Amino acid sequence: MTQAISTRAGRRGYARVLIPVLVGAVAAAVVWSLGPFGRGDSTVHASFDAPVYSSVEELTSASDIVVIGTVTAVVGRETDFGTNNLSERVGDGIPVVFYEVESSEVLKGTTDSTTIIVGNPDGEKLGSEDVTPLEVGQEVMLFLRAQTAAKDAPGITLFDSFYTTLSLDNGIFDMDGEVAHPRTPGLFGDTATVSFPMDDIRTQISNG
Amino acid sequence: MSQDLNGTLIRRQSVTAALLGVVLGLGMLLVTAPPAHAYVTHGCEYDNNSIDPISYRFYSVNSAYETAFKNAEAAWDGTASPGYFSEHSTSLDPEINVTDGTYTGTWWAQTSWGCNNGLYSGNETNVTFDTGDMAGLTATQKKIVAEHEIGHAYGLADTPQTGCRVMRQGEYKFTCGTMPAQDDINGVNAIY
């Protein structure tokens, strides 16, 4: 009898603890899912607005360097909060990926090494038609702007300096032998089958 | 017998030619007919019951970008678009979270969202301005970029690179005068 009462009391004790914990957990989950910065869906979709370069000449003029090279590795990923001040970090930030690219030809500018680092918003983590990932082994032509973390991307800690493609995919061309295909053909004309012979591109860049 | 065969062949040729003519005619119509609209939707939107108002909150945003966003939402509010915008400076759950910073890449601004069954996750979107890459833009150009991002928040995607529309990427929209354009407004009305 005493044991039965004791058992019941023990159950009530558990209930007194468990029910508030469960209620708290459910409330926390609801607040979390409704809270700021879009939680609740694992894929983050994004649309960017950026300068549009609609010719090789425009891209070349705005680039610090233009290279043809092969993507050899993904060498880092980081979330860019747009600041190096921890107290100013808000929201989910922008996922950024860094690629190592082995350049085979430098069409404009100079590089200290044939290996360069290219950092862009991470197309694998962002569902965006403006940023498609580079794949290891791909040969690409890149129109690049030099970035120093301190000045251009203070939220980045992995690299002090690196390059970024002009206006995301606008500055990326996929190579197919001696023909280059822009990743954003719609920005170069109405047709979706725009491609550029490399002889023409070399001439345009050297004239520019 | 031979005459019948010839007649059948002629009739078949006539029918084939007529069909070819119809196909060609329809093809010409498809090629030459102007598109009814240019706007494109990205497939996710606010719940229709929660756009009066669409609340927004600035999180430590530089005053130039606050002004740009406020002027942009006023421009959208001045159109015949559904819903209206309202700043909720202390809201814990605004429908647009506005932030800024200096980010990797050479882009001006972006809008991000999660999507569940065609509706925004948590019924909210995030607008981010890159203050480094937008520094060279005038106040009017900053406002137009903000209008573009609000268009994304409504559910519009970028339009093809033709004509004057606020949802066109790049500088061309800066040359167009008053924005948003009617096609942008039609797009929002088509969504809601």
Side-chain angles (χ1 to χ4, degrees), chain A residues 31 33-54 62 78 80-83 87-94 96 98 119-121 126-131 145 147 149 151-156 162 164-168 170-171 186-190, chain B residues 42-44 57-61 91-94 97-116 120-126 128-134 136 144-149 151-153 156-158 160-162 166-173:
Chain A
V31 168
S33 68
L34 295 177
F37 305 109
R39 289 181 287 268
D41 178 12
S42 57
T43 303
V44 177
H45 306 267
S47 275
F48 291 80
D49 194 11
V52 165
Y53 304 97
S54 54
E78 188 169 13
D80 187 354
F81 286 91
T83 177
S87 67
E88 291 177 0
R89 288 184 173 188
V90 289
D92 294 332
I94 311 284
V96 174
F98 293 92
N120 270 358
L126 286 173
S128 174
E129 59 184 21
D130 304 314
V131 280
R145 180 77 58 79
Q147 304 259 285
K151 174 175 166 285
D152 304 305
I156 295 301
F162 55 94
T164 191
T165 60
L166 275 185
S167 291
L168 311 163
N170 196 178
L187 302 182
F188 292 85
D190 291 334
Chain B
H42 61 54
C44 212
R57 180 177 171 183
F58 298 112
Y59 292 85
S60 305
V61 174
S91 171
L92 292 177
D93 195 20
N97 305 294
V98 187
T99 58
D100 70 355
T102 305
Y103 295 91
T104 302
T106 62
W107 47 272
W108 293 326
Q110 65 119 0
T111 300
S112 63
W113 63 89
C115 196
N116 279 320
Y120 291 132
S121 303
N123 207 42
E124 62 192 30
T125 63
N126 310 298
T128 304
F129 296 107
D130 188 329
T131 55
D133 287 291
M134 285 183 74
I144 293 170
V145 170
E147 287 177 22
H148 181 96
E149 298 311 315
H152 284 316
L156 295 175
D158 294 322
Q161 291 287 305
T162 54
V166 86
M167 295 316 295
R168 181 172 174 168
Q169 278 185 314
E171 297 89 340
Y172 189 85
K173 59 184 172 288

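Computed over heavy atoms, backbone and side chain alike; hydrogens, waters and symmetry mates excluded. Naming: A, B, ... by sequence-line order, numbering from 1 per chain. As the structure is a prediction and not an experimental result, all values here were calculated from the model.
- Using a 4.5 Å cut-off between heavy atoms, A:Ser54 does not touch chain B at all.
- Closest non-hydrogen pair, A:Ala153 versus B:Thr104, comes out as CB-OG1, 3.5 Å.
- Taking the six-membered ring where tryptophan is involved, the planes of B:Trp107 and A:Phe48 are perpendicular, since the angle between them exceeds 60° and thus also 30°.
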Inset, instruction - Check step by step if side chain to side chain contact (heavy atoms under 4.5 Å, CB included) holds for B:Ser112 and A:His45. - result: CA-CA 5 Å; B:Ser112 63; A:His45 306 267; over 6 Å; no
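- Between A:Pro51 and B:Trp108 there is a side-chain heavy-atom pair separated by less than 4.5 Å.
- Proximity to chain B is limited to the backbone of A:Asp152, based on heavy atoms less than 4.5 angstrom apart.
- Contacts with chain B were tallied for A:Gly93, A:Gly82, A:Ala62, A:Gly127; A:Gly82 has the most, counting heavy-atom pairs under 4.5 Å.
- Heavy-atom minimum distance, A:Val52 versus B:Glu171: N-OE1, 3.3 Å.
- Contacts between A:Pro154 and chain B at a heavy-atom distance below 4.5 Å involve backbone atoms as well as side-chain atoms.
- Distance check, rounded to the nearest 0.5 Å: CG of A:Leu187 to CD of B:Gln169 gives 6.0 Å.
- If you take NE2 on B:His42 and CD on A:Glu129, they are separated by 10.5 Å, rounding to the nearest 0.5 Å.
- The heavy-atom pair separating A:Gln147 from B:Gly105 by the smallest distance is OE1-N, 3.2 Å.
- Proximity to chain B is limited to the side chain of A:Phe162, based on heavy atoms less than 4.5 angstrom apart.
- Atom OG1 in B:Thr99 sits 9.5 Å away from atom CG in A:Asp92 (nearest 0.5 Å).
- For A:Asn170, no part lies under 4.5 angstrom from a heavy atom of chain B.
- By the 4.0 Å N-to-carboxylate-O rule, B:Lys173 lies close enough to A:Asp49 to be salt-bridged with it.
- In this structure, no portion of A:Glu88 lies under 4.5 Å from any heavy atom of chain B.
- Here A:Asp80 is the residue among A:Thr164, A:Asp80, A:Thr83 with the most heavy-atom pairs under 4.5 Å with chain B.
- Put simply, the side chain of B:Gln161 never gets that close to the backbone of A:Gly186: no donor and acceptor are under 3.5 Å apart.
- In terms of heavy-atom pairs under 4.5 angstrom with chain A, the leader among B:Arg57, B:Glu149, B:Arg168, B:His152 is B:His152.
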